[in-house]
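Below: one structure, written as structure tokens.
Values below: all heavy atoms of this structure, side chains included; hydrogens, waters and symmetry mates excluded. Residue numbers begin at 1 in each chain, while the letters A, B, ... track the order of the sequences. For clarity, every value in this text was computed on a predicted model and none was experimentally measured.
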Amino acid sequence: MPVTRERMAAVLEEIALLLEIQGENPFKVRAYRQGADVVKGFDGDIVALAEANMLTGIKGLGDALRDKLHELATTGELGFHKNLRADYPDSFFELFELEGLGPKKIALLNKELGVNSIGSLKTACEADKVAGLSGFGAKTQTKILDSIARLAQAATAFRIDVATLAAEEILEELRRHPAVLRASVAGSMRRAKEVVRDLDFIVATSEPAELTKFFSTLPQAKEIIVLGDTKCSIRTEAGLQCDLRAVSNSQFPFALQYFTGSKEHNVAIRSLALKHGWSLNEYGFTGENPPTVNEESDIYKALGLDFIPPALRENRGEIEAADAGKLPRLIEWENLRGTFHTHTTESDGKSTLAAMAAAAEELGLQYLGISDHSKSSPQANGLDQARLAAQIVTIANWNTEFAHEGFRLFAGSEVDILKDGSLDFDDELLAQLDFTVASVHNATTLSEDEMTKRIIRAMENPYITMLGHMTGRLLLRRDAYAVNHEKIIDAAAETRTVIELNCNPKRLDMDWRWWHRARDKGVLCSINPDAHSTQQIQFIKFGAEVARKGWLRREDVLNTKPLAEMTEWLKLPKQRR
DNA sequence: GCCGTTTTCGGCCCGACTGTTTTCAGTCG
């Protein structure tokens, strides 16, 4: 059984937890945790490198972790890890999911009561054995039971579309409060992560205690988790935790920067501040002659850095780039001139062709690519050859009758990639289309190798314009298919196939972590909403945010081309694109 | 365990809040 990147990261994370339980040096614990983060985010085939024992010169992975990852990659196991966890069942690790319980308390529960799973903890609480432990009490015991109940039923992560709606509502309320001078969302939502675990809000006010009180009484506050003079956490009906920090107006830029994160980005920023002779925290700079700061950008400026857009703050090279004045000028959604991959009532869409066209134009777009499903997706009412041929005529007629200078429809298809990598339509029909999106919709359990070959074969077809939702993931619902991103990106560069950034918030696929690499290989991105209704065309706004997170510039995104240029580009043979 | 424009040894972020304490430990972000 070959070791995966995820397995390697999980092993390091488990080691961190187990060392923490044993009361090991917290910095050693952190080193393992950071090692796991490096493994997860590494840009390249880290498993192959570990196997070849070539993990050198990677920040955060020293000699010890290099050797351990090598052992894990070559033997499938790690002796150090095996020994550490010998005394604990798999179920033990569930305990860390519970709110309010950390390594110290879990270690004590384990030592005193033999607790080694959520089930045994529940039993112990119900038998009133937990309240008597030193450091525990009746309240803690009740909270543990609450937390167990919540974990059993509530969602712990939320998609960006769901979170955005909730955040906008709350921000609106905060901004309406007369004592609020400035208010912003911070945290992972501001960094445009694909899913968020909580929402963070920062307000500038001279009445912090009044604001935390106000926050705790919002209609959204189904439950108050903590309430103090400067911070408050609530939970909404849907189970989404929302945190508020109330600070003074002069502290606001610092709090905004600090709580936007990421943690890794902030660690690096703070150590840079130390080199300038200042200490930086969520309230300000301290030290000799601290710089004047009015806006968040002033913090970066004071450290000799260009302003780093929140989407990039993941400690993936943005600080070095900002230092060298080499941050990319990121795409903005207003740069988009059109979009592809949309569905109509002809397959499984909810809106007609005419309605989709009108909505796209309303949004300020100059073109819309229609790509209904193909016949191998009968569940989506996919079109056969005859229906597709008819749709091509319909679109041509629409363009003649209704289009005017400055807007047109492009005829396309979301063609199924069949199990062997062949396509659902023959080349003759594909050649009549303005564009095509090739996607996998069935036989999704192939091995990584087979799936990768299948997709690459489809990309080699001269009439395939772009690859649709590369991994097929449905966020929080279905895992990605096994695919080799590196190989597919290389093949896209080779065959001049565009890769789609499917910005339906259920997908956001290809994942943002891979775009920087794709861009550097010269692969173009198309920001496509996979819209099944007129409203969903607006998903391209999420798409632009995610593209920013992937370091993409205007010139890296196909659908920033204006209509005339786009029309010409689509006529070019692939190898000349 | 990792790292290096103070350092190959000695640092590595720290403040708010809660509950159990009677001055503080643990958790969280």
Side-chain angles (χ1 to χ4, degrees), chain A residues 12 15-16 18-21 23-38 55-69 80 95-109 130-144 146-147 186-188 191 196-202 208-209 212 216 224-234 241-247 251 254-255 257-287 304 323:
Chain A
L12 294 183
I15 291 174
L18 292 164
L19 292 177
E20 214 170 11
I21 284 284
E24 250 292 4
N25 174 358
F27 299 108
K28 186 191 272 197
V29 172
R30 191 161 76 185
Y32 277 96
R33 208 156 269 149
Q34 271 174 354
D37 288 339
V38 170
L55 292 174
T56 48
I58 299 167
K59 206 162 179 275
L61 297 182
D63 295 349
L65 265 65
R66 181 200 60 208
D67 291 346
K68 289 191 170 71
L69 289 174
F80 180 68
L95 292 166
F96 293 89
E97 305 290 316
L98 295 171
E99 225 170 287
L101 284 189
K104 293 280 173 14
K105 285 195 164 141
I106 291 174
L108 192 77
L109 287 165
V130 170
L133 293 179
S134 126
F136 290 73
K139 249 179 163 164
T140 308
Q141 184 167 277
T142 310
K143 279 198 155 183
I144 290 173
D146 287 349
S147 177
S188 52
R191 298 202 313 280
V196 302
R197 298 194 180 276
D198 59 13
L199 294 180
D200 297 283
F201 299 91
I202 315 289
T212 56
S216 74
I224 299 170
I225 303 166
V226 293
L227 172 59
D229 288 345
T230 62
K231 69 178 271 190
C232 175
S233 297
I234 59 170
Q241 181 174 333
C242 303
D243 300 336
L244 175 77
R245 290 283 179 150
V247 296
Q251 292 168 336
F254 295 99
Q257 196 282 329
Y258 184 90
F259 289 106
T260 294
S262 67
K263 203 174 66 199
E264 295 76 18
H265 173 89
N266 284 351
V267 167
I269 288 291
R270 282 194 301 272
S271 80
L272 189 58
L274 284 175
K275 286 177 191 158
H276 283 78
W278 302 310
S279 147
L280 175 65
N281 65 19
E282 63 262 55
Y283 302 114
F285 281 118
T286 51
D323 184 45

Using the test salt bridge (charged side-chain N to carboxylate O under 4.0 Å, His left out), find all partners of A:Lys28 that sit at least two apart in sequence or belong to another chain.
A:Glu24
Could you pull out all residues at least two apart from A:Glu99 that satisfy salt bridge (charged side-chain N to carboxylate O under 4.0 Å, His left out)?
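With neighbours one apart ignored, the set is A:Arg150, A:Arg235.
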Taking the side chain as everything from C-beta on, heavy atoms only, tell me whether A:Arg191 gets closer than 4.5 Å to A:Thr260.
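A side-chain contact under 4.5 Å exists here.
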Any side-chain heavy atom of A:Ser233 sitting closer than 4.5 Å to one from A:Gln241?
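Answer yes - side chains close enough.
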If a pair satisfies salt bridge (Lys or Arg N to Asp or Glu O under 4.0 Å) and one of its residues is in residues 259-283 of chain A, list it, with sequence neighbours excluded.
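Every candidate salt bridge (Lys or Arg N to Asp or Glu O under 4.0 Å) pair involving residues 259-283 of chain A fails, so no pair, neighbours aside, qualifies.
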Using the side-chain heavy atoms of A:Lys59, tell me which of these nucleotides is nearest: B:dG19, B:dC13, B:dC3.
B:dC3
Nearest to the side chain of A:Leu227 - B:dC3, B:dC17, B:dT18?
B:dT18
Please give the distance between the [atom1] atoms of [N] and [M] as a whole number of Å.
N      : M      : atom1 : answer
B:dC12 : B:dT6  : P     : 14 Å
B:dG10 : B:dT22 : C1'   : 36 Å
B:dT27 : B:dT20 : C1'   : 14 Å

Determine the minimum heavy-atom distance between A:Asp200 and A:Gly187, stating which atoms define it.
OD2-CA, 3.5 Å
Minimal non-hydrogen separation, A:Leu227 against A:Ser216, with atom names
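Nearest pair, atom of A:Leu227 first, then A:Ser216: CD2-OG, 4.0 Å.
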Using a 4.0 Å heavy-atom cut-off to protein, can you give one letter per nucleotide of nucleotides 20-29 of chain B, 5' to 3': B if the base is in contact, S if only the sugar-phosphate is, - if neither?
SS----SSSB
Does A:Gln141 reach the main-chain N or O of A:Ala131 with its side chain, forming a donor-acceptor pair under 3.5 Å?
yes
So what does A:Asn266 touch, heavy atoms closer than 4.0 Å: a base, only the sugar-phosphate, or nothing?
nothing
Side-chain N or O of A:Tyr283 versus OP1/OP2 of B:dC13: is the shortest distance under 4.0 Å?
no
When the distance from CZ of A:Arg30 to C1' of B:dC12 is rounded to whole Å, what number comes out?
5 Å
Under the ring pair (Phe, Tyr, Trp, His ring centres under 6.0 Å) test, residues paired with A:Phe254 that sit two or more places apart:
A:Phe285
Show the distances under 3.5 angstrom between N or O atoms of the protein and N or O atoms of nucleotides 6-9 of chain B.
none

With both distances kept under 3.5 Å, what pairs with B:dT8, Watson-Crick or G-U wobble?
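Across all strands, not a single nucleotide pairs with B:dT8.
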